[in-house]
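Input: a single structure, listed below in structure tokens.
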Amino acid sequence: MSPTPIIAPSILSADFAALGKACSDTMSQGADWLHIDIMDGHFVPNMTFGAPVVTMIRPHVEKPSSAFGRGTFDCHMMIAEPHRWVKEFKKAGCDLYCFHYEAALQSTAADSPSGQTEEKTSPAKLIRFIHEQGLRAGIAVKPKTPVDVLYPILDSENKEEVPDMVLVMTVEPGFGGQSFMADMMPKVKELREKYPEMNIEVDGGLSKKTIDQAADAGANVIVAGSAVFGAKDPSEVITKLREAVEKRR
Ligand SMILES: O=C(CO)[C@@H](O)[C@H](O)COP(=O)(O)O
């Protein structure tokens, strides 16, 4: 049986002028996690916000009582140099630090904004570092990145260097409201066949219309921005997304 369905509304589509309330509202409407998009204008052609905003919204959502529990702050780091921000985001209240494989390949081993070094890091080293800070680690792949690049990382004997979740992007990262890329589903299917118990997240264009394709492929962590925050009845959308995943377990 694949893991529990987890619905993670992406606050990129929330009302930024009343973000704290938007976060607590979506939780009371049935969300499991909050998906928090961090964009730096380098790794992606858009900017959002950084750790101070995460600190401000943390008190609006009860902290998870267990790993991957309700209230998990799922920080999707669409940033260059993901290694540099782990400690800051831990302090801000992040629970799951999900970085991009493509960014980690370019990253240096600095562990604070001021502590740059020239030493190259690697996705595996970064996962170890995230775990050492007491966070869960996620690794994300852009649409053009094949998932087999992740197999050496996922199959590592060294458990501290194995991520807790894989995020398969179903749009090019950077903006909400884009169309779901159904051609990403073979990647999800392949991952699910190989790793039946792993959390597999999909992000981009998920809605009542597209959820069946993602659920059929085996995704269990569903990110939805515009479909939830733009809905007349967000609870109904969250329920439908969850039911679609639950049906395939
Ligand atoms: O990471 C991203 C976009 O880069 C997402 O998390 C979006 O926020 C999803 O928005 P919708 O496609 O669901 O509107």
Side-chain angles (χ1 to χ4, degrees), residues 2-13 31-40 43-44 46 48 67-68 72-80 82-83 85-86 89 94-105 107 123-124 126-127 130-131 135-151 153-154 161-176 178 180-192 194-195 197-206 210-211 213-215 217-225 227-228 241 245:
S2 57
T4 322
I6 292 169
I7 310 304
S10 169
I11 62 169
L12 187 61
S13 297
D32 300 292
W33 295 358
L34 275 194
H35 183 83
I36 302 173
D37 283 328
I38 309 297
M39 304 186 191
D40 66 353
F43 182 69
V44 287
N46 195 8
T48 54
F68 304 116
T72 289
F73 270 22
D74 166 26
C75 294
H76 177 193
M77 309 304 293
M78 285 167 273
I79 59 169
H83 202 100
W85 300 99
V86 180
F89 276 78
C94 164
D95 302 293
L96 170 57
Y97 189 94
C98 184
F99 66 90
H100 268 267
Y101 169 82
E102 303 86 356
L105 291 184
S107 193
L126 178 50
I127 293 162
I130 294 167
H131 285 150
L135 294 170
R136 305 281 149 176
I139 190 163
V141 284
K142 286 167 132 182
K144 290 195 185 79
T145 305
V147 278
D148 55 7
V149 299
L150 301 180
Y151 296 155
I153 303 169
L154 292 167
E161 295 181 0
V162 176
D164 304 290
M165 183 184 81
V166 171
L167 162 55
V168 175
M169 287 304 296
T170 46
V171 295
E172 282 299 336
F175 298 91
Q178 302 182 74
F180 177 74
M181 296 170 73
D183 54 340
M184 295 299 112
M185 293 307 97
K187 297 208 276 193
V188 175
K189 198 161 181 286
E190 192 178 310
L191 279 171
R192 177 56 72 217
K194 218 164 140 44
Y195 307 100
E197 289 174 11
M198 186 172 69
N199 280 313
I200 302 176
E201 182 174 65
V202 283
D203 178 12
L206 273 305
T210 55
I211 185 62
Q213 296 173 70
N220 72 298
V221 185
I222 310 300
V223 175
V228 170
L241 297 176
V245 179

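In this chain, residues are counted from 1 in sequence order. Computed from heavy atoms alone, side chains included, the values below leave out hydrogens, waters and symmetry copies. Computed from a predicted structure; not experimentally measured.
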Practice task
May I ask you to say whether Glu102 pairs ionically with Lys144, meaning some side-chain N is under 4.0 Å from a carboxylate O?
Solution key: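 Salt bridge: no.
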Practice task
Start with the C-alpha distance between Leu191 and Leu154, add both sets of side-chain angles, then the distance that settles side-chain contact (heavy atoms from CB on, under 4.5 Å), and finish with yes or no.
Solution key: CA-CA 10 Å; Leu191 279 171; Leu154 292 167; 4.0 Å; yes
So which atom in [X] and which in [Y] form the shortest heavy-atom distance, rounded to 0.1 Å?
X: Ile79; Y: Asp40; value: CA-OD2, 3.2 Å
X: Thr170; Y: Gly204; value: OG1-O, 2.7 Å
X: Ile130; Y: Ala137; value: CG2-CB, 3.8 Å
X: Met78; Y: Pro173; value: SD-CB, 3.6 Å
X: Thr48; Y: Ile38; value: OG1-CA, 3.5 Å
X: Leu206; Y: Ala214; value: CD1-CB, 3.8 Å

Handout entry: side-chain contact (heavy atoms from CB on, under 4.5 Å) between Phe68 and Asp164, intermediate numbers included
Key = CA-CA 10 Å; Phe68 304 116; Asp164 304 290; 3.4 Å; yes
Is any side-chain heavy atom of [X] closer than 4.5 Å to a side-chain heavy atom of [Y]?
X: Tyr151; Y: Lys194; value: yes
X: Met198; Y: Asn220; value: no
X: Val168; Y: Glu201; value: no
X: Val44; Y: Phe175; value: no
X: Met169; Y: Thr145; value: no
X: Phe89; Y: Met77; value: yes
X: Ile222; Y: Val245; value: yes
X: Val221; Y: Asp32; value: no

Exercise for the section: Establish, yes or no, whether the cationic atom of Lys142 lies under 6.0 Å from the six-membered ring centre of Phe43 and within 45° of the ring axis. Expected result: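 Positive - Lys142 is close enough to the ring of Phe43 and near enough to its axis.
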Problem - Row check, Tyr97 ring normal vs Arg136 NZ/CZ: under 6.0 Å, within 45° - result: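 Verdict for Tyr97: no cation-pi partner in Arg136.
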Problem - Partners passing side-chain contact (heavy atoms from CB on, under 4.5 Å) against Val162 (at least two apart in sequence or in another chain) - result: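 Checked Val162 against side-chain contact (heavy atoms from CB on, under 4.5 Å); matches are Ser156.
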Exercise for the section: Go through the structure and list residues passing side-chain contact (heavy atoms from CB on, under 4.5 Å) with Met181, not counting sequence neighbours. Expected result: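 Partners of Met181 by the side-chain contact (heavy atoms from CB on, under 4.5 Å) criterion, ordered by chain and then number, come out as Pro143, Asp183, Met184.
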Euclidean distance, [Y] [atom2] relative to [X] [atom1], rounded to 0.5 Å:
X: Leu34; Y: Ile7; atom1: CG; atom2: CD1; value: 13.0 Å
X: Thr72; Y: Asp95; atom1: OG1; atom2: CG; value: 5.0 Å
X: Phe99; Y: Ile139; atom1: CZ; atom2: CD1; value: 4.0 Å
X: Cys98; Y: Asp37; atom1: SG; atom2: CG; value: 10.0 Å
X: Ile153; Y: Glu161; atom1: CD1; atom2: CD; value: 10.0 Å
X: Leu105; Y: Leu126; atom1: CG; atom2: CG; value: 10.5 Å

Handout entry: Asp74 side chain vs Trp33 backbone, donor-acceptor pair below 3.5 Å
Key =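 No, because the side chain of Asp74 does not come within donor-acceptor range (under 3.5 Å) of the backbone of Trp33.
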Handout entry: Check: Glu172 main-chain N/O paired with Gln178 side-chain donor or acceptor under 3.5 Å
Key =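 It does hold such a pair.
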Problem - side-chain contact (heavy atoms from CB on, under 4.5 Å) assessment of Tyr195 paired with Glu190 - result: CA-CA 9 Å; Tyr195 307 100; Glu190 192 178 310; over 6 Å; no
Handout entry: Residues in ring-ring contact (aromatic ring centres under 6.0 Å, His included) contact with His76, at least two apart in sequence or another chain
Key =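 His76 satisfies ring-ring contact (aromatic ring centres under 6.0 Å, His included) with His35, His100 once adjacent residues are dropped.
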